[in-house]
Number of protein chains: 2
Amino acid sequence: MIRITKQTDYGIVLLTHLAGAPERHVNAPELAGETHLPLPMVSKILKILVREGLLASHRGVKGGYSLSRPPGAISMAEVVTALEGPIAITECIDDNGGCEHSTACAVRGRWHRINTALREALAGISLAEMTDAPRPEPKLVTLGGRPALAITA
Amino acid sequence: MIRITKQTDYGIVLLTHLAGAPERHVNAPELAGETHLPLPMVSKILKILVREGLLASHRGVKGGYSLSRPPGAISMAEVVTALEGPIAITECIDDNGGCEHSTACAVRGRWHRINTALREALAGISLAEMTDAPRPEPKLVTLGGRPALAITA
DNA sequence: AGTATACAGGACTGACACGGTCCTGATTCC
DNA sequence: GGAATCAGGACCGTGTCAGTCCTGTATACT
Ligand code: FES
Ligand code: FES
């Protein structure tokens, strides 16, 4: 199914929620309550996001978390990378020789086209864009038509 | 890591291999040998691809598999869909109400932007493009630059 | 100073999907 | 008729993921 993990899913929900009211310190239980996500999971994810530099934390009483940067300056690619590691749909990251089949593989090196396509897709969406909900969903289902994507390489 | 399953990985290798010499009937053991993949897995995957209409099979002695269409007319999106089901990076396919958190979820409906971006990326690459290796890899690593992807909706 | 609050960083566990194997039919060519 | 080959399952071990919990450390308030 090419799924992201629930960690990442939750992480994005949390970040999106925080993006709605930046400059506000929120603690873990509060955040869990507002997003209806299990507290331990929320806590775990927040710690990761702090370590990866996407969130700033403040300890002690009245402590909490807040975005380390404005929502517009955080891309989905960063978020996913922080929570899942390098963005690559296949085993063979890049065109290095880390793959066991490398010598005999027909698609060797071809894959990163798809990988970069995905990377760029994620890099093109900022956290802010996940929050603002002005447009009323202009019927965007267009699968099957000519792809609007120009893969440079 | 946002990985595709090995099934799909193998499947693409197999299809790519077949695309190299279309109009040729190849049987499973032969194909497994040429791609250096485990035979039972190859067999399993080939069956799926036949059922999904991407391959044509021919039984009996001198039987085998061949592409059902020219390589240029098969997109990666089809292949992945055949082997993994609907292409969606998240649980909540489309904007239906199939999600448990739907009512309280901040990113509700936002996700399919990313989903469609991925879909279009995969739809834009044909099987033929995975095979022909004329260009010598024009240094395509450009992550970090302005995304070249225009998400229409 | 002392205490309550909240983050930091792990270790730990059950459930489940995935990778891989194998067996029993159906179909075609020689 | 017999051999080769595909068709369609059932089956199982393993690894990863979702989720929990425990111990330590830093901060604010009294
Ligand atoms: S499977 Fe790794 S190089 Fe092809
Ligand atoms: S998690 Fe399903 S709608 Fe948001």
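Per chain, numbering begins at 1; letters A, B, ... match sequence-line order.
Note: CD (E52(A)) to C1' (dA8(C)) measures 14 Å, nearest angstrom. With rounding to whole Å, E30(B) atom CD is found 13 Å from dA4(D) atom C1'. Rounded to an integer number of Å, the gap from I45(A) CD1 to dC7(C) C1' is 16 Å.
The base of dG9(C) is paired with the side chain of K47(A) by a donor and an acceptor separated by under 3.5 Å. Within 3.5 Å, no donor on the side chain of R59(A) pairs with an acceptor on the base of dT5(C), nor the reverse.
The side chain of Y10(B) contributes no N or O atom lying less than 4.0 Å from OP1 or OP2 of dC18(C). Taking side-chain N and O atoms only, S57(B) has a distance below 4.0 Å to OP1 or OP2 of dA7(D). The shortest distance between the side-chain N/O atoms of S43(B) and the OP1/OP2 oxygens of dC6(D) is not below 4.0 Å. Within the 4.0 Å cut-off from OP1 or OP2 of dT27(C), not a single side-chain nitrogen or oxygen of H58(B) is found.
Map K44(A) and L39(B) each onto its nearest nucleotide of DNA chain C; the residue landing nearer the 5' end is K44(A). Position along DNA chain D of the nearest nucleotide to V61(A) versus Q7(A) favours Q7(A) as the more 5'-ward residue. Nearest-nucleotide positions on DNA chain D for M41(A) and P29(B) put P29(B) closer to the 5' end.
Nucleic acid contact for P38(B): sugar-phosphate only, since backbone atoms but no base atoms lie under 4.0 Å from a heavy atom of the residue.
Under 4.0 Å is where a charged nitrogen must lie from a carboxylate oxygen, and between E84(B) and R3(B) no such pair does. Between R119(A) and E78(A) there is no salt bridge, since no side-chain nitrogen of the basic residue lies less than 4.0 Å from a carboxylate oxygen of the acidic one. Taking the charged nitrogens against the carboxylate oxygens, E52(A) and K47(A) have no contact shorter than 4.0 Å, which rules out a salt bridge.
H36(B) NE2 to L31(B) CG: the interatomic distance, rounded to the nearest 0.5 Å, is 12.0 Å.
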